[in-house]
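First comes the structure, then the notes that go with it.
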Amino acid sequence: MKGFVFTFRKPVRSRSPHSLRLPDFRSIIRRYGTVMLFVLLLLCGMIGGAVCAGAADKSLLQSLDFLFTTNLSERLAKGALGVFCACFASDFLFLTAVYLLGMAPWGLPFCVFTVLFKGFGTGLTAASLFLNNGIGGMGFYVLVLLPGTFLFCVALSMFAAHAFHFSKNQFLLAIGRESVSQPALKRLRLYSSRYLSALIMTFCAALLDTVLWTLFAGAFHFT
């Protein structure tokens with residue numbers, strides 16, 4: 001007499017091509033965590049700058065105009081070339097400072113401070129325009145200043161992440177905690193190429209600023 005063995009298997013659920021898949025947050029953080037850190041630093045700096053804008057006097061705003069757009073009367077008096085040079089020079093200083101600090105083993109905290117200070121100035125500019133000129137000042141910031149500022153902040157956050165890792169590797173090599181996986185010249189070339197890419201984005205941000213200033217700045221009147 002033969003025995004029959006019945007095996008019960010769980011039905012295989014076919015995955016629908018339209019089924020919702022949750023993102024892998026670990027891989028996202030592992031890949032973009034440093035960029036997100038610098039975005040957070042920019043946001044924290046913006047909040048700090050906005051809070052301090054009420055206590056900032058006119059002399060302080062004028063002294064910071066070279067780094068940030070805090071003196072509209074002087075900027076509005078410049079032509080298109082002057083606006084482009086002012087915007088590009090300011091962003092160029094911040095980006096180059098991050099580049100140079102990223103090459104130093106001790107540059108990591110200063111790189112973080114540079115990005116935080118850029119966020120501070122951005123928040124200070126936006127809040128000062130609103131406090132001194134009301135809705136018109138905020139409209140000027142959103143229409144004229146924000147697009148170029150946003151593009152540069154994206155470039156700065158992405159490149160600062162590369163500078164973070166480069167500086168960290170330099171520090172680990174200096175204390176003998178990490179072996180050299182690539183020749184130093186090759187690593188420097190890769191790092192410099194990323195700086196060049198960020199510099200191109202900075203140029204585009206300054207060009208966008210210039211176009212928006214030329215087209216719309218005349219529609220706003222500030223005292």
Side-chain angles (χ1 to χ4, degrees), residues 32 34-46 48-49 60-71 74-75 78 80-126 145-174 182-213:
Y32 301 107
T34 311
V35 178
M36 294 166 62
L37 171 65
F38 282 102
V39 170
L40 183 62
L41 285 172
L42 277 172
L43 292 176
C44 290
M46 290 178 189
L60 175 62
L61 296 177
Q62 290 178 351
S63 64
L64 292 175
D65 186 63
F66 180 72
L67 295 175
F68 314 108
T69 309
T70 53
N71 189 358
E74 183 178 346
R75 291 289 180 101
K78 295 180 179 179
L81 181 60
V83 171
F84 175 82
C85 292
C87 295
F88 182 76
S90 172
D91 294 342
F92 175 79
L93 284 177
F94 280 99
L95 190 68
T96 304
V98 172
Y99 171 72
L100 296 176
L101 291 169
M103 289 194 295
W106 43 263
L108 189 56
F110 299 98
C111 180
V112 170
F113 175 77
T114 302
V115 175
L116 190 65
F117 185 60
K118 173 60 181 177
F120 177 86
T122 303
L124 182 68
T125 299
L145 297 180
L146 183 60
T149 300
F150 177 79
L151 181 59
F152 174 70
C153 287
V154 170
L156 182 64
S157 299
M158 294 177 63
F159 179 70
H162 296 303
F164 179 93
H165 292 296
F166 195 86
S167 179
K168 183 186 71 173
N169 291 337
Q170 292 290 93
F171 177 75
L172 293 177
L173 285 172
Q182 290 180 338
L185 185 58
K186 184 177 180 180
R187 291 188 295 111
L188 182 60
R189 284 177 179 173
L190 179 61
Y191 179 62
S192 299
S193 68
R194 288 166 174 168
Y195 167 72
L196 182 60
S197 299
L199 194 61
I200 293 173
M201 291 184 65
T202 302
F203 178 86
C204 294
L207 190 63
L208 180 60
D209 276 335
T210 305
V211 172
L212 294 176
W213 273 79

Atom of [X], atom of [Y] and distance for their closest heavy-atom approach:
X: V98; Y: A160; result: CG1-CA, 3.9 Å
X: S167; Y: P105; result: OG-O, 3.8 Å
X: R194; Y: H162; result: NH1-ND1, 3.4 Å
X: L199; Y: F92; result: CD1-CD1, 3.6 Å
X: A97; Y: T114; result: CB-CG2, 4.3 Å

Does any pair with a residue in [range] pass salt bridge (charged side-chain N to carboxylate O under 4.0 Å, His left out), and if so which ones, sequence neighbours excluded?
range: residues 200-212; answer: none
range: residues 95-105; answer: none
range: residues 152-165; answer: none

Sequence-distant partners of F84, ring-ring contact (aromatic ring centres under 6.0 Å, His included), two or more places apart: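 In terms of ring-ring contact (aromatic ring centres under 6.0 Å, His included), with neighbours along the sequence ignored, F84 is linked to F88, F203.
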Kindly write out the residues that satisfy ring-ring contact (aromatic ring centres under 6.0 Å, His included) with F113, not counting sequence neighbours, or none if the list is empty.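 F113: no ring-ring contact (aromatic ring centres under 6.0 Å, His included) contacts found.
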If I take atom [atom1] from residue [X] and atom [atom2] from residue [Y], how far apart are they, to the nearest 0.5 angstrom?
X: F110; Y: L116; atom1: CZ; atom2: CG; value: 14.0 Å
X: T202; Y: L93; atom1: OG1; atom2: CG; value: 11.0 Å
X: T125; Y: F120; atom1: OG1; atom2: CZ; value: 9.5 Å
X: H165; Y: R187; atom1: NE2; atom2: CZ; value: 14.0 Å

Check residues 145-159 and write down every donor-acceptor pair under 3.5 Å in which the side-chain atom is one partner and the other belongs to a residue at least two apart or another chain.
unit_1	atom_1	unit_2	atom_2	d
T149	OG1	L145	O	2.8
S157	OG	C153	O	2.8

Tell me, do R189 and K186 make a side-chain contact under 4.5 Å, heavy atoms counted?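 R189 vs K186: side chains apart.
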Indicate yes or no: at least one non-hydrogen side-chain atom of M201 is less than 4.5 angstrom from one of L95.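 The answer is no; the side chains never approach within 4.5 Å.
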Before giving the answer on side-chain contact (heavy atoms from CB on, under 4.5 Å), spell out for T122 and L42 the whole-Å C-alpha distance, their side-chain angles and the decisive distance to 0.1 Å. CA-CA 9 Å; T122 303; L42 277 172; 5.7 Å; no
My understanding is that only residues two or more places apart in sequence, or in another chain, count here; which of them pass salt bridge (charged side-chain N to carboxylate O under 4.0 Å, His left out) with D91?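 Counting only residues at least two positions away or on another chain, D91 forms a salt bridge (charged side-chain N to carboxylate O under 4.0 Å, His left out) with K118.
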Tell me every residue that passes side-chain contact (heavy atoms from CB on, under 4.5 Å) with [X], counting only those two or more places apart in sequence or in another chain.
X: S193; value: L190
X: A86; value: R75, K78
X: L40; value: C44
X: S192; value: Y99, L188

Suppose we screen for side-chain hydrogen bond (donor to acceptor under 3.5 Å, both in side chains). Which residues come up paired with Y195, at least two apart in sequence or across chains?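 Per chain and number, Y195 pairs via side-chain hydrogen bond (donor to acceptor under 3.5 Å, both in side chains) with T96.
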Angle between ring planes, F94 versus F68, binned at 30° and 60°: parallel, tilted or perpendicular?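 Plane angle between 30° and 60°, so tilted.
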